[in-house]
Chemist: 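Below is one structure. I have some questions about it.
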Amino acid sequence: MNDLTIEEFNQRLQQWQGENIRIQKHELRDEDTITMNLDHISYETHTRRLDDYTPMHALYLHGQGQTETDAQSAQPLPSAYYEIPLEDSTRYQYLNDRFTLETARGTYTIEKE
């Protein structure tokens, strides 16, 4: 796998706007699969955090999508974006048209459908 800087990650991911993507989250004991049409990407820095649960940085993948549930059914996303918490230590990787983001909380995989 190729390690990327945040700038390289952002540059490559920006090229996926308009594509259908799948996001797989493996965080602690929680696993989710989200599919969406990626409209645009934004980032946010939270300078006033009340606790450690609120991430310092966040990646927002905007678009219409759904989350797959255990019952083989899908539910619409509760908002028009999907948030991935980022840390200063987040590791960004890219291989075979797949991004992997590793944080202390979990691993997120983003790929085209």
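If you're wondering where the values come from, they're calculated on a predicted model, not measured in any experiment. Basis for what follows: all heavy atoms, side chains included, without hydrogens, waters or symmetry-related copies.
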Chemist: For D30, enumerate each residue passing the side-chain contact (heavy atoms from CB on, under 4.5 Å) test, keeping only those at least two apart in sequence or located in another chain.
Modeler: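 By the side-chain contact (heavy atoms from CB on, under 4.5 Å) rule, D30 matches K25, D32.
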Chemist: Would you say T45 and H57 are linked by a side-chain donor-acceptor pair, where the criterion is simply a distance under 3.5 Å?
Modeler: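 Present: a donor and an acceptor within the cut-off.
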Chemist: Within this structure, what is the CD1-OG1 distance for the pair I21 and T109, rounded to the nearest 0.5 Å?
Modeler: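 Here the rounded value is 11.5 Å.
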Chemist: Answer whether the closest heavy-atom distance between the side chains of R22 and T33 falls below 4.5 Å.
Modeler: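 Sidechains of T33 and R22: in contact.
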Chemist: Hey, what do you get for CD (E113) to CD1 (I23), rounding to the nearest 0.5 Å?
Modeler: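 Between E113 CD and I23 CD1, I get 10.0 Å after rounding to 0.5 Å.
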Chemist: Got F99 and L4 here, is their nearest side-chain heavy-atom distance under 4.5 Å?
Modeler: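 Counting from C-beta outward, F99 and L4 do come under 4.5 Å.
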Chemist: State the CG-CG distance between L13 and L101, to the nearest 0.5 angstrom.
Modeler: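 L13 CG to L101 CG: 8.5 Å, rounded to 0.5 Å.
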Chemist: With the side chain counted from C-beta on, respond yes when Y60 and E44 share a heavy-atom pair under 4.5 Å apart, and no when they do not.
Modeler: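 Yes; the side chains approach each other to less than 4.5 Å.
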Chemist: Could you measure the distance from the CZ atom of R98 to the OG1 atom of T100? Nearest 0.5 Å is fine.
Modeler: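 These two atoms lie 7.0 Å from each other.
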Chemist: Strictly by modelled atom types, are N37 and Q64 linked by a side-chain donor-acceptor pair under 3.5 Å?
Modeler: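 Looking only at side-chain atoms, Q64 and N37 do not form any donor-acceptor pair under 3.5 Å.
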Chemist: Is atom CD of E8 surrounded by more than 12 heavy atoms (other residues, nucleotides or ligands) closer than 6.0 Å?
Modeler: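 Atom CD in E8 is crowded, with more than 12 foreign heavy atoms closer than 6.0 Å.
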Chemist: Find the distance between CD (Q24) and OG1 (T107) and round it off to the nearest 0.5 Å.
Modeler: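 Separation between the atoms: 11.0 Å.
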Chemist: Tell me, please, whether Y94 has R12 positioned over its six-membered ring: NZ or CZ under 6.0 Å from the ring centre and within 45 degrees of its axis?
Modeler: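 Output yes; distance and angle both within limits.
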Chemist: Would you say the side chains of Y81 and D39 form a donor-acceptor pair under 3.5 Å?
Modeler: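 No, no side-chain donor-acceptor pair sits under 3.5 Å.
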Chemist: Do the side chains of L59 and Y108 get nearer than 4.5 Å, heavy atoms only?
Modeler: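 Y108 vs L59: side chains apart.
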Chemist: Side chains of D3 and Q93, heavy atoms from C-beta outward: is any pair under 4.5 Å?
Modeler: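 Side-chain contact under 4.5 Å: yes.
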Chemist: Rounded to the nearest 0.5 Å, what's the gap from CD1 on I34 to OH on Y82? Could you check?
Modeler: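 If we round to the nearest 0.5 Å, I34:CD1 and Y82:OH are 4.0 Å apart.
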Chemist: Should Q75 and T67 count as side-chain neighbours, where that means a heavy-atom distance under 4.5 Å?
Modeler: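 A side-chain contact exists here, since the closest heavy-atom pair is under 4.5 Å.
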